[in-house]
Each structure stands twice: as structure tokens, then as C-alpha cells.
Amino acid sequence: MKHTHILLAHGSGGAMMHDLINDLFLPAFDNAELRKGNDQAVFEKQDGRLAFTTDSYVVQPLFFPGGCIGDLAVHGTINDLAVGGAMPLGLSVGMIIEEGLEIDTLRRIVQAMHTAARDAGVPIVTGDTKVVERGGCDKLFINTAGIGVIPDGVHIDGGSARPGDAILLSGRIGEHGIAVMSERRGVRFSTPVVTDSKPLHRLVQRMLAVCPDIRVMRDPTRGGLGATLNEIASQSTVGIEINEEALPITAEVQGACDLLGLDPLYLANEGALVAFVPETCADALLHAMRAMPEGEYACHIGNTIADMPGLVRMKTGIGGTRVIAMPSGEMLPRIC
Amino acid sequence: MSVLASFRDSSRAAPLLERIRARETGPVALMEFCGGHTVAIFRSGIRSVLPEHIRMLSGPGCPVCVTSNMDLDRAAALAKLPGVILTTYGDMLKVPGSRESLAQVRAQGYPVEIVYSTLDALRLAGQHPDKQIVFFAIGFETTAPAAAAAVLQARARGLKNFSICSVMKLTIPGARALLDMGEVRVQGVIGPGHVSSIIGADAWRFLPDVYRVPVAISGFEPLDILASIDALLAMLEKGNADLANLYSRIVKPGGNTKAWGAVTEVFETCASSWRGFGNIPDSGLALRPQYAEYDAEHRFPIDIPDSVEHPACRCGEVLRGVIEPVDCKVFGTACTPEQPLGPCMVSSEGSCAAYYNFHQSTHTKTRHATEQ
């Protein structure tokens, strides 16, 4: 490609746009469905129910320790399908690119999307590109949508938690939030914190094989575990009690939170899920989760209770209790 | 176990709590001056494990909360000046001033930028030589060195488009004013850890020496705070008033002389207006005349309309420790983190926000209020 930066003409629908698609997007996302060059992807008839989701990614900076906006956009949509119990069939990618973005930057991001989709075994089957004038967006926005199939017999729903359910967490929390924040603010730690971004559909399929009765699953992204637990407590009208000492938080994340005055409970995650399951399944599920790389740090963080429906409480390390409220606005570092 | 982890070791909390419960002091009220302590106390659930006869009071230690409406109105007016970009720490954005918050000013199209350090503001000045970057500087002794360093750097780099609107405050005159008012009976003080790392533990000796109030300089880990409470109770039990530095891993008796040297090079003390307290002499930091070119007040003289407070907001009394947030009629109903009437509900170090976010009974109370 002869240009080094994206020009408005790259989004014009003309020859330059075709060059961009043929030289950059198609070779990276290559698969049979894309190669057909149709305006839509076609899936054969599937057994089970269809799940459909979409998400937009406007993260700044575009690159952060352990990942970039591209693999995040692939993992995020796969995970939104996965936590509904769906096996993803394919993804769409919509790119909104600001005039002036370096082509090499775009190439690196597209390559990251390719690697993420290939490793997950979920093809990118359709896409769209728009270029907006300088100032019209911030470098690059990506929208991904995904479609998947939920097997018969699986009914995961935010309103299905019952008192006495065990609450399982698949991995450590706060790593993505700190990785992005450290890059955004130029804060460097002696041991860098990298994003936990990863696809969780294989872990979920394994979990469903062990316990098809999983009641609720969700990936705690923006708003963190704190927001997710509040959503579920409210949807299911149950109380939630978790145990601070059970939460898997690395010393690096805890240290960064202490330094900046942040609460790891409200930091974003991109490779963890929280599951509400019948207590009788909890041990078997934990065993199965820990046997997979995505669930290596799986743990039982608490239980649902009948008391105080809608309220999330935490037993603290010193034996006290505190409320975990729904976060309000952006979490900001302490002033002094 | 890492050093930090040892300050969170739950097995050490139980014996400390036993000791606290066994202290024979009678009912006591202890005040934490620092908003960081207020949040740490709620976050770790310390209030829920203390015996009922020990009352924890939150003092005027949240820098956002003590900023007066007059100063907020000034910041809003500065942001509306042609060619000015106002920069400030994030929490300030949502605080309602007399007529509007900085977030509302920004929504009207005026440039208000959140920065995470004074260096960000300096960077903006370098990137926008055609604009005037004004840093709305709030905070106590902890943020003052960074503000001083920014001014010194701006001068060294010859930046002509950077200035500071200083509403920074000094904690010692604030603490003295609170005790002199005599509205609340404070039997012990948890001294601010970060502030003391700059001004030194010895700066708080006036509390036992003049007011006969024991003080324990504390870190922010749960065990730090429990140990400080225990130290204060031990002093009260014996009838002693003294200073205990329980944060000696960070706080030295004389503080950080280099950081404070930069502050005194650039700033001098002045009278300052505190929310809930009014004007306190020598409690603020103003740029010295030799740095007047970096003083936004000097560079952009503006008239601002008279400031007014929301009639229902009782943040002033909360900051003086006269009432607890739940005693305010609008707490959790008309005033919430999403729709704050006063700063204590919006600042991440504010006591109303801490009560609202971490305290179970406040939610119960709010829910009951809603149900009725």
C-alpha cells in the first residue's frame, strides 16, 4: 500500500477503499465466508437457540500492556456470547477510523484481531469500514458483533440466582484496568501489570459439561466485579455476601490500587467470569475450571443469601463488613 | 509475606481488636482528619468491628469538600474566559458550585480538562502554545509540592501560557480552627499519613501540647488504623496526651524538607476560605509576588457573582464533625453520588460518599425512606 496514513478517500467506497480492504483486512481475516465477498455471512441451520451480541470499543490508548483494542474487541464479544452459554459461530467487525491514523498502526491492530480470532477458533465473517475527518473520532473505534448457539437445556439468566448459590470467579481481578490505566497515565511499575484479556468460551463449555444448571454467568468488564454483583443481586432479587480474603488479587494490582487510591473491585476485567451455581456443583466446577488455563485461579468468593435482597456485602479481612455499592461514574485516583 | 501484606494480615487484627475492646476509657470520640482515612476505615469495615463506645468522626480532610463555592465559582468563570483551558483533578468536576458544576461548564462547550498530575497540565501548555492553561490547584500539603514543581518547571522552560489558581489549604490551621470552635469534643486524632510525610510528624505536637488531645499519625492499611486507635485509647486510658508516629515507615519527624522547600520557595501563606469554616487566617497557599506571572488571579482578574450554598446541604457541619452524613435530611434521597447537592457526596474522599458507598445502615435507611 503506497500511503502511510489513512486518508478520507480510504473510506470513500472507491479504489482506495478496495485497496485497503483487499490489502489489509482480507488477508488478515481470511476465511471462506469472507472470501465470497457477499454483503452478509450465511450460517447453516443450527441446533439450539441463537445468541446475538454487540459491543463497541473506544479504548485509549490503542495499545496497552499485554494487548490492544483489536484483540480486546474480539475477546470481548466472544465472552459476551460465552457467558450466556453460547458457542460463538462468527463475528462482524465495524471499523471507524480517524483520518490520519498510521496504516502501520491499523495493520498491527488488524493482525492482533486475526491472531485472537484464529486462536479462539471464531472467524470474522463480515465487516465494515468508515473513515471520518480528523477530530471526528479518536484514532480508531471498533464495533464487533457476534452470533452463537446455546445448546438445548442451558438456561443462563441474570435473574436466575437463588439464595444459597455459590459464587465462583474464574480468575484474578483488576489486571486489565490497571494495565490500561498505567499506560494512559504513564505510570510504570517494577513488575508490569498486563491485561487479562482472553476468550472464555472454551472454559464455559467445560463448565456446562460439568454443571448444565449454572444459573447466572457474567464477565465483569467495565464497573468491575462490584458492578456485576450489584446487577445480579438486583436482577435476581437476592442478597450477596462475598469474602475479601477469597478474592484473587495480585500483589502488583493491589499495590497499584493502594498507590492510586483505587478499589480493585471496580476495575475492568476482560478475561474473567463470575458464575452463580448450585452449591452442590461448586467443588466439581472449581476442579474443572482450575484444570483449564483460563480458569487457573478459579475460586469460590461467596454465596447468595435471602436477607437484604439487592444488597452486596463483603466480609473484610479484619472481620468487619462493608457494602459494595454500584459504582458511580469513573473511578478517579486519590488527590492527596 | 510482603511488608504491605503484613499490614493486612487478618490474624493480627483479632488480638488488636481484643486489646481495643479491653481498654477502659469510657465513651470516646476519635477524629480522622484525612479523607483517605475515612475511606480506608469504611472500606475495611473498621466501624463495624469497633465497640459501640468508640465513635469515629470524620474531619475536614477531604480537599474537594473544603473548597468553597466562591472558589468553585471562580474556577467556572476562569474556564469561560476566551482562550483559557481550565485543568483540574477529576473529583472537582462534579461538585456543584453556586450555580453550576465544572462538568456543566464543560457541557456548555468550555474547555475543562481532567488531569492526573500537574505534569499533565504542563504538557497541555506545551501542546497548546496559543491557549492559556490554568491549573485549578486544590489540596493540602501533599499536593502543594507538585504544584510548586510545576511552577518552577514552567519558569525553567520559559512557558508563558501556564498559571495556577491556588486554593490549596494547610491542615494545621484547619485543625486548630476546628478545635478552637469547640463545637465537637474530640478526644483523640488520627493524624493524616500523607500530609505528615511532607510536613513531618512533629508538626502535630501542638495537639497534645496545646489542646491536650493525643494524636497518632497513621498509615492507610486496616492494621495501621486499628493500631492507631489502640495507641490513642492507650494514651486516654493513662490520661496521657502525646504524639505517636505509627507510620514511621513513611513519615519522618521533620517531614520531607526538599518537597516543603519547593513549596515555600513558590508559595506564601494567605487567608483561605474553607467550606463550613469560613475564612481561616494563614491557612491557604498563594503564589509569592516573584511568581505572579504564574498566578491566574493576577493574570486574569475577574469579578464573580456572590456565591450561595444549597439551602438543604449540610456539608459544612459534616466537615466540622458536628453531624454525621446520615443526620442530613437529604442524604441518600435528594443528595446521591449521581445527583450531589454538596461536595461530601461526590468526592471519592468525602464522608457522605463513604457512608453512602460502604455503610450498610445507610442503605437500609435510604431504602426505608424510599419505601415510605
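Nothing here was measured: the structure is a model prediction, and the numbers come from that model. Quick note: numbers below take in every heavy atom, side chains included, and nothing from hydrogens, waters or symmetry partners. Below, chains carry the letters A, B, ... as their sequence lines are ordered, and counting in each starts from 1.
- Contacts between B:Phe42 and chain A at a heavy-atom distance below 4.5 Å involve the backbone alone (N, CA, C, O).
- A distance of 9.0 Å separates CZ of A:Arg322 from CG of B:Asn357, quoted to the nearest 0.5 Å.
- No part of B:Val346 comes within reach of chain A, as not one of its non-hydrogen atoms sits under 4.5 angstrom from that chain.
- Taking both residues in full, the closest heavy atoms of B:Lys94 and A:Ser328 are given as NZ-O, 4.2 Å, listed atom of the first, atom of the second, then distance.
- In this structure the side chain of A:Asp258 reaches within 4.5 angstrom of the side chain of B:Glu221, judged on heavy atoms.
- In terms of non-hydrogen atom pairs under 4.5 Å with chain A, the most contact-rich of B:Ala13, B:Gly36, B:Ser44, B:Pro337 is B:Ser44.
- Once rounded to the nearest 0.5 Å, the distance linking CE of A:Met314 with CZ of B:Phe358 reads 8.5 Å.
- No more than 12 heavy atoms of other residues, nucleotides or ligands sit less than 6.0 Å from atom CD of A:Glu133.
- Here the closest heavy-atom approach between residue A:Ile318 and residue B:Pro222 is recorded as CG2-CB, 3.7 Å.
- Counting only heavy atoms from C-beta outward, the side chains of B:His359 and A:Val323 never approach each other to under 4.5 Å.
- For CD of A:Gln60, the number of neighbouring non-hydrogen atoms (other residues, nucleotides, ligands) closer than 6.0 Å is greater than 12.
- Looking at B:Ile46, both its backbone and its side chain come within 4.5 Å of chain A, counting heavy atoms on both sides.
- In the displayed structure, B:Arg21 atom CZ is contacted under 6.0 Å by more than 12 heavy atoms of other residues, nucleotides or ligands.
- Formation of a donor-acceptor pair under 3.5 Å by the B:Ser48 side chain with backbone atoms of A:Thr321 is found in this model.
- Of all the heavy atoms in B:Arg43 and A:Thr316, the pair that sits closest is O-CG2, 3.7 Å.
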